[in-house]
Amino acid sequence: MRDKKGRFLKGIIPWNKGTNGLCKPNKTSFKKGHKFSKKIEEKRKETIFNRLSIKPNLKFNENLAYILGIIKGDGCININKYTKGHIVIVHTIDKSLANNFYDSLKKLNLNPYMCLVPPRNGISKKNQYRIQAVSKKFCLWYNSLSLNKIKKLLDNRKKIIAFLKGFYEAEGCLCKQIKNKKRLRITLTHTDIKLLKLTKNLANKLNFNFILNGPYDPSGFGKKLRYNFTINKQEEVKRFINVIKPCIKYGEKRI
């Protein structure tokens, strides 16, 4: 039994305890301790092995820079404890961003999967799109990247724009200023100060003057301090949107 936030209540045995196999039963399953047949287990292992064997095209271009920006902003790399598979995962409530990220992974020669996940654990009240792809090679490549290496890979204007677009779509917003509702402000929020400094350096190459503020106390879930990265000048706000051309977060209307 769970509470309103989806957490197991103390002293209550989880309904799916005793599950074996590669996959636990989902909420529609009805058998406690359900086991897959040997034939199904072998087929699932073969499918996962084929996905792990996919060789993505890791030649660094604008598409890969965009993917890197999104993952650095709001994605994660996970090693699944059942399959030992390496999985890249992104959650978003915005369908246009989900479709863009899905298409970008396809261009990388991966085989992504997208589904709709209902709210859980009290984190959100909206359904989220979950986009994931299984690729050991991609995840090992991603984990090998230092911030200095990323800086060297983003060696021209197009790649920098693609990275900033992905990072903005994952972590940014276009909102009204508090003191003057007629003026707009671009804000990006993150907990990694070193990543934000790198992003500020890249934005400076495009003549955007972001202001770095913080640290601020954590809000909502998490324990890490957060930092804000903002543009307040209206001319720069308009130019940033026109240069980056994000698929989301235009505020009430496009500029």
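Just so it is clear, the values below take in all heavy atoms, side chains as well, and ignore hydrogens, waters and symmetry mates.
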Enquirer: Indicate the atoms forming the closest heavy-atom contact of Asn204 with Asn209, along with that distance.
Expert: OD1-CA, 4.3 Å

Enquirer: How many angstroms lie between atom CG of Leu202 and atom CG of Leu164, to the nearest 0.5 angstrom?
Expert: 6.0 Å

Enquirer: Got a second to check how far Asn127's CG is from Leu116's CG, nearest 0.5 Å?
Expert: 4.5 Å

Enquirer: Is the shortest heavy-atom distance from the side chain of Thr230 to the side chain of Asn213 under 4.5 Å?
Expert: yes

Enquirer: Please identify which of these residues, Leu154, Ile161, Asp155, Ile160, meets the side chain to side chain contact (heavy atoms under 4.5 Å, CB included) condition with Arg157.
Expert: Ile161

Enquirer: Mind checking salt bridge (Lys or Arg N to Asp or Glu O under 4.0 Å) for Lys72 and listing every partner two or more places apart, or none if nothing turns up?
Expert: none

Enquirer: What's the verdict on side chain to side chain contact (heavy atoms under 4.5 Å, CB included) for Leu153 and Phe163, showing C-alpha distance, side-chain angles and the deciding distance?
Expert: CA-CA 11 Å; Leu153 289 172; Phe163 177 84; over 6 Å; no

Enquirer: Are any non-hydrogen side-chain atoms of Phe60 and Leu68 less than 4.5 angstrom apart?
Expert: yes

Enquirer: Nearest 0.5 Å, what's the CG-SG distance between Leu97 and Cys247?
Expert: 5.0 Å

Enquirer: Here's a test for you: under side chain to side chain contact (heavy atoms under 4.5 Å, CB included), which of Tyr168, Phe208, Phe229 qualifies with Ile186?
Expert: Tyr168

Enquirer: Any chance you could measure Lys151, atom NZ, to Asn201, atom CG, to the nearest 0.5 Å?
Expert: 4.5 Å

Enquirer: With a 3.5 Å cut-off and no angle check, do the side chains of Ser96 and Asp94 form a donor-acceptor pair?
Expert: yes

Enquirer: So, using ring pair (Phe, Tyr, Trp, His ring centres under 6.0 Å) as the criterion, who are the partners of Tyr129 when residues are at least two apart?
Expert: none

Enquirer: To the nearest 0.5 Å, how far apart are CG in Asn109 and OG in Ser135?
Expert: 9.0 Å

Enquirer: Yes or no on side chain to side chain contact (heavy atoms under 4.5 Å, CB included) for Leu188 and Phe210, after CA distance, side-chain angles and deciding distance?
Expert: CA-CA 10 Å; Leu188 294 93; Phe210 274 91; 3.5 Å; yes

Enquirer: If I compare all heavy atoms of Ser104 with all of Ile67, which pair ends up nearest, and what's the gap?
Expert: O-CD1, 3.5 Å

Enquirer: Apply side chain to side chain contact (heavy atoms under 4.5 Å, CB included) to residues Phe101 and Glu169 and explain how you reach the verdict.
Expert: CA-CA 10 Å; Phe101 187 62; Glu169 289 180 353; over 6 Å; no

Enquirer: Pair Leu108, Leu64 - check side chain to side chain contact (heavy atoms under 4.5 Å, CB included), show working.
Expert: CA-CA 7 Å; Leu108 207 63; Leu64 193 48; 3.7 Å; yes

Enquirer: Provide the closest heavy-atom pair for Ala65 versus Lys159 in the form atom of the first, atom of the second, distance.
Expert: CB-O, 3.6 Å

Enquirer: Would you please name every residue forming a ring pair (Phe, Tyr, Trp, His ring centres under 6.0 Å) with Phe138, sequence neighbours left out?
Expert: Trp141

Enquirer: If you count heavy atoms of other groups shown closer than 6.0 angstrom to NZ of Lys200, is the number above 12?
Expert: yes

Enquirer: Under a 4.5 Å cut-off applied to non-hydrogen side-chain atoms, are Gln234 and Leu184 in contact?
Expert: yes

